[in-house]
Amino acid sequence: MTDAGAIESDPAPVSQAHTGPRHYNYYLESITFKVEEHIFKVPRYHFERSSEIFATAFTLPAGDGAHAEGQSDDTPIVLEGISSIDFESLLKILYPLNMLGQTLSMPLNRWMSKEEWISVLKLSTLWYFLDARELAIRQLDWIGLESVERILLARQYDVPGWLREGYEDLATRDEGISLEDAQKIGWETALRLYQTREMAQKNNSYTYGGRKCFQDADVEGNFGEELRQAELASAAYGGGRSLSGSPSTDYSERLVISRKGWIIQSSEGSEKGGSKVR
């Protein structure tokens, strides 16, 4: 009970009573994407901090309040030309849901299939998630790739080490190059590999256990320019199984700004699966 003349102060509004400084690391905003028919809502953190492509795109003017793209299910950022399966595989790496099962008690190559790691490699290369890209390359090395598969993925996602390894294996293995493999890697490449095998058999062959073997095929001499171009392409990602340095990347080649929104694409355009974000 108070005196009649006492003045009682009003309690602080709830909104003030529970506020405080936002933590510099753990105050995370969310962002909403639409990929094919699926809506994804995830922390914005890795898209802003781990991908120069998205970090640049997020600096573009957005709508106001609830109408801003990516702020609600009604106004998601639409990623056109992207598979929801590929996108989910990337999110498994960026935001693991089962912390103990995925990151501590089980090797990475056990809880993600080879196909899922290829999906991670695909999108991390397209969007410059450099850590995720390097992780995918290491895990696919661990899982193992066939020679032809290694060559095709190396060409598509700029992994020069795989390109060299694939050529060297096809040029030195016991069995020759099949018609199916030749169709996949290209007839010109198959012919050059056949010539490389012939020279290796002629100059570097030896007999072991009654079988003729050969090694040290001159892949560099026959594919030197292609290998050098692959090294240059991978340098934009900081190497990626490459011996090259990592010069600064010109992200303007991958970010095309239009009045209707922004488009994320590879430097070669749609050939590498460019995606439109609107």
Side-chain angles (χ1 to χ4, degrees), residues 28-63 65-98 101-102 108-109 111-137 139-140 143 149 152-153 155-159 237 251 253-278:
L28 304 179
E29 298 179 2
S30 62
I31 189 164
T32 304
F33 295 101
K34 183 177 182 182
V35 184
E36 294 184 320
E37 298 303 316
H38 297 279
I39 299 293
F40 297 84
K41 185 175 183 179
V42 294
R44 180 176 171 136
Y45 181 85
H46 280 304
F47 285 90
E48 196 164 35
R49 300 290 186 90
S50 303
S51 166
E52 287 289 342
I53 297 295
F54 277 96
T56 303
F58 287 154
T59 65
L60 297 176
H67 299 291
E69 290 175 322
Q71 298 303 306
S72 71
D73 290 4
D74 295 327
T75 58
I77 292 175
V78 180
L79 300 179
E80 295 183 352
I82 299 299
S83 160
S84 61
I85 294 177
D86 289 344
F87 193 64
E88 181 181 357
S89 297
L90 178 64
L91 294 183
K92 285 184 179 181
I93 297 301
L94 300 181
Y95 309 105
L97 299 181
N98 184 350
Q102 288 183 243
L108 290 175
N109 61 300
W111 57 264
M112 291 269 284
S113 68
K114 181 172 72 173
E115 291 71 22
E116 288 175 310
W117 281 116
I118 292 174
S119 292
V120 174
L121 177 60
K122 175 181 179 180
L123 295 188
S124 64
T125 299
L126 175 64
W127 293 331
Y128 278 78
F129 283 95
L130 300 186
D131 290 342
R133 171 183 156 88
E134 185 61 30
L135 180 61
I137 291 172
Q139 290 303 312
L140 288 168
I143 293 172
E149 186 177 32
L152 297 179
L153 290 174
R155 289 173 175 174
Q156 190 169 7
Y157 303 121
D158 299 327
V159 189
Y237 306 99
Y251 294 106
E253 292 184 357
R254 285 180 172 253
L255 184 65
V256 180
I257 303 176
S258 69
R259 294 181 64 182
K260 294 182 179 179
W262 35 279
I263 300 172
I264 293 177
Q265 63 182 27
S266 69
S267 56
E268 289 81 11
S270 59
E271 291 182 6
K272 289 192 177 182
S275 61
K276 181 177 181 181
V277 185
R278 67 182 185 188

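Worth saying up front: this structure is predicted, and the values here are computed from it rather than measured.
Separation of atoms CG (Asp86) and CG (Leu91) is listed at 11.0 Å; rounding is to 0.5 Å. Rounding to the nearest 0.5 Å gives a distance of 10.5 Å between CZ of Arg49 and CZ of Arg44. Summarising the geometry, atom CD belonging to Glu134 is positioned 10.0 Å from atom CG belonging to Leu121; distances are rounded to the nearest 0.5 Å. Separation of atoms CH2 (Trp117) and CE (Met112) is listed at 4.5 Å; rounding is to 0.5 Å. Note: Lys34 NZ to Ile82 CD1 = 15.0 Å, rounded to the nearest 0.5 Å. Atom OH of residue Tyr157 and atom CG of residue Leu123 lie 8.0 Å apart, to the nearest 0.5 angstrom.
Thr75 and Ser72 form a side-chain donor-acceptor contact under 3.5 Å, judged by distance and modelled atom types alone.
Considering every non-hydrogen atom in both Thr32 and Gln71, the closest pair reads OG1-C, 4.4 Å. In terms of heavy-atom proximity, Ser84 sits nearest to His38 at OG-CD2, 3.5 Å. Across every non-hydrogen atom of Val159 and Arg133, the tightest pair is CG2-NH2, 4.2 Å.
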Item to check | side chain to side chain contact (heavy atoms under 4.5 Å, CB included) assessment of Ile118 paired with Leu153 | outcome: CA-CA 8 Å; Ile118 292 174; Leu153 290 174; 4.0 Å; yes
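Residues satisfying the ring pair (Phe, Tyr, Trp, His ring centres under 6.0 Å) criterion with Phe40, sequence neighbours excluded, are Phe87.
Taking the centre of each ring, Tyr95 and His46 come in below the 6.0 Å mark.
The aromatic rings of Trp127 and Phe54 sit perpendicular, their planes meeting at an angle over 60°, well past the 30° parallel limit.
Contact check for Phe129 versus Val120: no side-chain heavy atoms found under the 4.5 Å cut-off. The shortest side-chain heavy-atom distance between Pro76 and Phe33 does not fall under the 4.5 Å cut-off.
For Lys41, the NZ atom is loosely surrounded, since the number of other residues' heavy atoms within 6.0 Å does not exceed 12. Within 6.0 Å of CG in Leu28 there are more than 12 heavy atoms belonging to other residues, nucleotides or ligands.
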